[in-house]
Amino acid sequence: MDKAINSSLVRNEATVLENAVALKTTGLAIDYSNKSCGKILILINNTGSAAKKATIVKGNSLQGTEDMEISVTNGTTVGVVIESGKFENVSGDNKGMVIIKGEDATSLKVQVVELP
């Protein structure tokens, strides 16, 4: 599974963001294991010609009860801050990761920003 590279923001400093990664139907892993405040911003950009859906897959902890489906209109970027308890995997091969999947393999791109 492909992995996104997180950009780490520092208060009162400009930070160049990592390049967006294509969001495939097989999923993209987002590292959530080193977040002291437990907050990351996920930016999802739709470069396609129609609205597409991204799905943040529920984590495997007690709070992981349902996936989050996000509709992204073509030509736009949306941002979402998620709760680790609902979406982070706490065991298994994807321990410390949040998994996000795209409706297709070409339209959606993802950037991840660790918030200070």
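The residues of the chain are indexed from 1 along the displayed sequence.
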Hydrophobic cluster membership, Ile100 vs Met68, 4.5 Å side-chain cutoff: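 The answer is yes; both residues are in one hydrophobic cluster.
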pair Ile5-Val21: side-chain heavy atoms closer than 4.5 Å: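 No - every pair of side-chain heavy atoms lies 4.5 Å or more apart.
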Any donor and acceptor pair, going by atom type alone, linking the side chain of [X] with main-chain N or O of [Y] inside 3.5 Å?
{"X": "Ser7", "Y": "Glu18", "result": "yes"}
{"X": "Asn94", "Y": "Asn89", "result": "no"}
{"X": "Asn60", "Y": "Ser91", "result": "yes"}
{"X": "Thr47", "Y": "Ser107", "result": "yes"}
{"X": "Ser61", "Y": "Gly85", "result": "yes"}

Calculate, to the nearest 0.5 Å, the distance between atoms [atom1] and [atom2] belonging to [X] and [Y] respectively.
{"X": "Leu115", "Y": "Leu9", "atom1": "CG", "atom2": "CG", "answer": "6.5 Å"}
{"X": "Glu69", "Y": "Ile56", "atom1": "CD", "atom2": "CD1", "answer": "11.0 Å"}
{"X": "Asp2", "Y": "Ile30", "atom1": "CG", "atom2": "CD1", "answer": "12.0 Å"}
{"X": "Lys86", "Y": "Asp67", "atom1": "NZ", "atom2": "CG", "answer": "11.0 Å"}
{"X": "Leu23", "Y": "Asn46", "atom1": "CG", "atom2": "CG", "answer": "10.5 Å"}

To check you understand the geometry: which heavy-atom pair defines the closest contact between [X] and [Y], and what is its length?
{"X": "Lys58", "Y": "Phe87", "result": "CA-CD2, 4.1 Å"}
{"X": "Met97", "Y": "Ala29", "result": "SD-CB, 4.1 Å"}
{"X": "Glu88", "Y": "Tyr32", "result": "OE1-CD2, 3.7 Å"}

Distance-only side-chain donor-acceptor flag, Glu114 / Ser8, under 3.5 Å: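 Side chains of Glu114 and Ser8: pair found under 3.5 Å.
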Given Ile99, Ile42, Val110, Val98, the one that forms side-chain contact (heavy atoms from CB on, under 4.5 Å) with Leu28: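 So the option named by the test is Val110.
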Residue among Leu17, Thr15, Ile40, Asn6 satisfying side-chain contact (heavy atoms from CB on, under 4.5 Å) with Val113: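 Only match with Val113 under side-chain contact (heavy atoms from CB on, under 4.5 Å): Leu17.
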Salt bridge (charged side-chain N to carboxylate O under 4.0 Å, His left out) assessment of Lys3 paired with Asp31: CA-CA 8 Å; Lys3 293 184 179 178; Asp31 184 1; over 6 Å; no
